[in-house]
Every structure is written in structure tokens, then in C-alpha cells.
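Have a look at the structure below, then the notes.
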Amino acid sequence: MPGLIYLGSVPAEIRTAALAHIRDRKLLQTRSAGKTAFYMAGGKIDPGENAEQALHREIREELDAGIVDGTLERLGVFEAPAYGHPEGTDLHMTCFLAELSTEPRPTSEIAELRYFTVDEYAAMPDVAPGSMLVFRRLQSLGLLD
């Protein structure tokens, strides 16, 4: 399944896999080099990959970590406008809860890692709608402050 589905020359939907990694009741978010907004760790699903395969690849690429066997749990699919993309582009994000095999550390494409409470993330100047949906879901499950 491709990461981008095109209508004309503008992608209509971006399909991604994302990690909801929680520590001390805060959710990990990443900021890519040259960007101001923090996003869920993860990324686009490449052709021939499913969401779980894409997540494993992206976590290695972005966080220099693996996912601990037996901890991967599907949180759900979140749909929102794709932040930072042309108007009309939608995000289709399959999100998983998981534990990491090592302490996450930013790779060359990631400028910063940070853990946020719901209120801390919501107060940021740039907020990705897809991330905010995950924050709200985790808060409703009693997993985040």
C-alpha cells in the first residue's frame, strides 16, 4: 500500500504508521530538522509495506531504537488534515503503543525528541491535528496527563 494516494497532481491522502510511546504519563513527539511542529514518531508507509512493517523501519530510522517484542499494540487509525501539506491532503495514521528496546535518540533527520502532557502539546505554537487526536485518545484512556 503506497504512502501517498494522488488525485491529479496533489496527494489526497498520506498513509502513515506512528508510535505512541509513553513515559511518565507523557507522549513522545519528534521534530524534524527544519520544521517547527512536533509530530508522532513514525512516517509514511512505503509500497509493499503494511503499517506494522513501516513502523518498525521508521522507528529504527528516526529514533535509532527497536520495538520490544510482544509490546506492540494497535491504538487505532486517526484521520485529520495533514499538517504542513497542501490544503485538501488528509492524514490516515495507524498508531501503535509500544515499548522501545533502547533509549530513543534523534537520528540525522530528527532535530529534537520531547515528551509532552496533553496541555503542554496543545500550548505549542504549531500543533499537528493528527498528533492532537492521539493525545486526546490516550488522555481519555487515562494514560496521559
Side-chain angles (χ1 to χ4, degrees), residues 1-68 71-100 104-145:
M1 182 177 309
L4 293 173
I5 298 171
Y6 288 88
L7 286 180
S9 62
V10 177
E13 183 177 78
I14 298 173
R15 300 180 70 80
T16 66
L19 172 68
H21 179 64
I22 301 167
R23 176 184 290 161
D24 300 326
R25 302 186 53 80
K26 294 183 176 190
L27 181 62
L28 176 67
Q29 295 286 283
T30 63
R31 184 178 62 77
S32 296
K35 306 278 184 173
T36 58
F38 283 83
Y39 297 90
M40 303 294 301
K44 292 184 182 106
I45 300 170
D46 286 343
E49 285 183 322
N50 63 34
E52 189 174 323
Q53 291 165 330
L55 181 71
H56 282 276
R57 176 182 51 77
E58 287 286 348
I59 295 311
R60 281 190 308 273
E61 291 174 3
E62 290 187 356
L63 305 179
D64 195 27
I67 293 171
V68 175
T71 66
L72 191 66
E73 179 184 340
R74 186 178 161 130
L75 180 63
V77 173
F78 298 82
E79 296 181 328
Y83 187 83
H85 290 273
E87 188 173 335
T89 305
D90 295 321
L91 172 69
H92 177 96
M93 178 173 61
T94 304
C95 191
F96 298 89
L97 291 159
E99 291 302 317
L100 296 174
R105 59 187 189 110
T107 62
S108 59
E109 67 184 73
I110 302 298
E112 186 178 359
L113 302 176
R114 205 153 138 199
Y115 290 86
F116 292 90
T117 65
V118 176
D119 290 342
E120 288 168 346
Y121 187 74
M124 294 296 290
D126 297 307
V127 173
S131 287
M132 198 70 243
L133 289 174
V134 175
F135 271 95
R136 296 288 183 211
R137 170 75 59 81
L138 293 169
Q139 185 180 44
S140 75
L141 294 172
L143 299 174
L144 292 182
D145 288 331

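With sequence neighbours left out, R137 forms a side chain to side chain donor-acceptor pair (under 3.5 Å) with no residue at all. By the side chain to side chain donor-acceptor pair (under 3.5 Å) test, S131 pairs with Q29, sequence neighbours left out.
At most 12 heavy atoms of other shown residues, nucleotides or ligands fall within 6.0 angstrom of atom CZ in R105.
Looking only at distances, no side-chain donor or acceptor of E62 sits under 3.5 Å from a matching main-chain atom of T107. No donor-acceptor pair closer than 3.5 Å links the side chain of Y115 to the backbone N or O of H21. For E58 (side chain) and L55 (main-chain N/O), no donor-acceptor pair under 3.5 Å exists by modelled atom type.
No side-chain heavy atom of Y83 sits under 4.5 Å from any side-chain heavy atom of L91. The shortest side-chain heavy-atom distance between S32 and I110 falls under the 4.5 Å cut-off. Residues R23 and L28 have side chains not in contact (no heavy-atom distance under 4.5 Å, counting atoms from C-beta outward). Annotation: side chain of M93 is in contact with side chain of V134 (closest heavy-atom distance under 4.5 Å). Two residues are said to be in side-chain contact when any heavy atoms from C-beta on lie closer than 4.5 Å; V118 and M132 meet this criterion. Counting heavy atoms from C-beta on, the side chains of L138 and L97 come closer than 4.5 Å. Within the 4.5 Å cutoff, side-chain heavy atoms of I67 are placed close to those of H56.
Ring pair F116/F38 is perpendicular by interplanar angle, where above 60° counts as perpendicular and below 30° as parallel.
Taking every heavy atom of both residues into account, A122 and R136 meet most closely at CB-NH2, 4.4 Å. Annotation for R57 and E49: closest pair NE-OE2, 2.7 Å, computed over non-hydrogen atoms. Across L72 and A98, no two heavy atoms sit closer than the pair CD1-CB, 3.9 Å. Closest approach of A17 and A51 over heavy atoms only: CB-O, 3.2 Å. Here the shortest heavy-atom pairing between A37 and R31 reads O-CG, 3.5 Å. When all heavy atoms of A80 and G130 are compared, the closest pair comes out as CB-N, 3.8 Å.
Separation of atoms OG1 (T16) and OH (Y39) is listed at 11.5 Å; rounding is to 0.5 Å. Going from atom CE of M40 over to atom CG of L27 covers 4.5 Å, rounded to the nearest 0.5 Å. Note that CG of D126 is 8.5 Å distant from OH of Y121, once rounded to the nearest 0.5 Å. Summarising the geometry, atom CG belonging to L19 is positioned 9.0 Å from atom CD belonging to E99; distances are rounded to the nearest 0.5 Å. Atom OG1 in T117 sits 8.5 Å away from atom CG in L144 (nearest 0.5 Å). We find the CG-OG1 distance between L100 and T71 to be 8.0 Å, quoted to the nearest 0.5 Å.
Salt bridge present: K26 and E120 bring a charged side-chain N and a carboxylate O closer than 4.0 Å.
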